[in-house]
A.B. asks: 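Got a structure for you, written out below as structure tokens; questions coming shortly.
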Amino acid sequence: MTLTQTPSSAVVPLNPKITAKIRVGNESGYVAECVEIAVVTQGETLDEVVNHLQEAVLLHLEDEDPKQFGLVEKPALSIIFELEPDYA
């Protein structure tokens with residue numbers, strides 16, 4: 001487990017993954033939004049939105065220190081698909 005110190009000197013474990021939630025878009029396609037970092041993207045298909053998400057996360061972290069976001073050096077990407085059932 002990787003640890004980092006906060007300004008109050010408390011040791012906080014670094015997160016080994018970035019969580020992204022994918023949901024059906026309001027008008028069409030899908031929207032993906034990361035929980036830990038400010039990344040939002042969209043795509044017409046699930047494959048497209050996942051590809052866009054991977055690219056957007058890489059671009060967001062490019063030339064950045066992942067520790068600034070509370071993340072390990074090369075965090076995994078965990079994807080949750082949110083589906084709202086059509087209740088009768």
A.B. asks: Shared ILVMFWY cluster between F69 and L77, side chains joined below 4.5 angstrom?
C.D. replies: yes

A.B. asks: Using the side-chain contact (heavy atoms from CB on, under 4.5 Å) criterion, which residues pair with L58? Sequence neighbours excluded.
C.D. replies: none

A.B. asks: Grab the two heavy atoms, one from P85 and one from L83, that are nearest each other, plus how far apart they are.
C.D. replies: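 Scanning both residues, the minimum pair turns out to be CD-O, 3.4 Å.
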
A.B. asks: Which residues, ordered by chain and number, are linked to V35 in its hydrophobic cluster, where ILVMFWY side chains connect at heavy-atom gaps below 4.5 Å, directly or through other members?
C.D. replies: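 So far as hydrophobic clustering goes, V35 is joined with none.
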
A.B. asks: Are L14 and I37 connected in a single hydrophobic cluster, I mean Ile/Leu/Val/Met/Phe/Trp/Tyr linked by side-chain heavy atoms less than 4.5 Å apart?
C.D. replies: no

A.B. asks: For the CG atom of L61 and the CD atom of Q68, what is their distance to the nearest 0.5 Å?
C.D. replies: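 Atom-to-atom, L61:CG and Q68:CD are 10.0 Å apart.
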
A.B. asks: Looking at E36 and T19, would you say the former's side chain and the latter's main chain have a donor-acceptor pair under 3.5 Å?
C.D. replies: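 Present.
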
A.B. asks: How would you list, by chain and number, every residue that makes a salt bridge (Lys or Arg N to Asp or Glu O under 4.0 Å) with E82, sequence neighbours excluded?
C.D. replies: K21

A.B. asks: If I compare all heavy atoms of C34 with all of I18, which pair ends up nearest, and what's the gap?
C.D. replies: SG-CG2, 3.9 Å

A.B. asks: Hey, what else clusters with L59 if you join Ile, Leu, Val, Met, Phe, Trp, Tyr whenever side-chain heavy atoms sit under 4.5 Å?
C.D. replies: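 None, because no other hydrophobic side chain comes under 4.5 Å of this residue.
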
A.B. asks: With a cut-off of 3.5 Å and sequence neighbours excluded, list every side-chain donor-acceptor pair involving residues 43-56.
C.D. replies:
from : atom 1 : to  : atom 2 : distance (Å)
T45  : OG1    : E48 : N      : 3.0
E48  : OE1    : E44 : N      : 2.5
N51  : ND2    : D47 : O      : 3.3
H52  : ND1    : Q42 : O      : 2.7

A.B. asks: Could you give the side-chain donor-acceptor pairs of residues 23-30 under 3.5 Å, partners two or more places apart or in another chain?
C.D. replies:
none

A.B. asks: Test of understanding: clusters of I, L, V, M, F, W, Y form through side-chain heavy atoms closer than 4.5 Å, transitively. Do V31 and I22 belong to the same one?
C.D. replies: no

